[in-house]
Engineer: 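The structure that follows is given in the form of structure tokens.
Any value given below was found using the heavy atoms of this structure, including those in side chains, with hydrogens, waters and symmetry copies removed.
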Amino acid sequence: MDADANSAKIGMGTDREKAEDIVAKMIADDGLTAEQKKLLNTTILNGRWFSAVLDSSTIHYED
């Protein structure tokens with residue numbers, strides 16, 4: 001979605017990545033510390049409709 005003062009635009013797309021691909025990228029990302037990832041995954045992302053793969057994955061939170 002996008003909009004400005006004169007118009008609104010909306011479009012529909014298709015997800016090209018699987019949830020497993022996204023979890024793998026999250027694990028590999030070094031932009032957050034292991035502790036920050038753990039906090040994010042256990043307090044913000046857990047239990048949401050989109051997080052079944054994340055909730056069931058085995059992630060080792062180590063730096």
Engineer: Identify, with sequence neighbours excluded, every residue that meets side-chain contact (heavy atoms from CB on, under 4.5 Å) alongside T43.
Structural biologist: L39
Engineer: Give me the atom names and distance for the closest heavy-atom approach of K38 to T42.
Structural biologist: O-OG1, 2.7 Å
Engineer: Where is the tightest heavy-atom contact between K37 and L32, given as atom of each residue plus distance?
Structural biologist: CE-O, 3.7 Å
Engineer: I'd like to check the side-chain contact (heavy atoms from CB on, under 4.5 Å) partners of D30; sequence neighbours left out, ordered by chain and number.
Structural biologist: none
Engineer: Report, one line per pair, each donor and acceptor closer than 3.5 Å where one atom sits in a side chain of residues 17-29; sequence neighbours left out.
Structural biologist:
from : atom 1 : to  : atom 2 : distance (Å)
E17  : OE2    : K25 : NZ     : 2.3
D21  : OD2    : K18 : N      : 3.1
D29  : OD1    : G31 : N      : 2.5

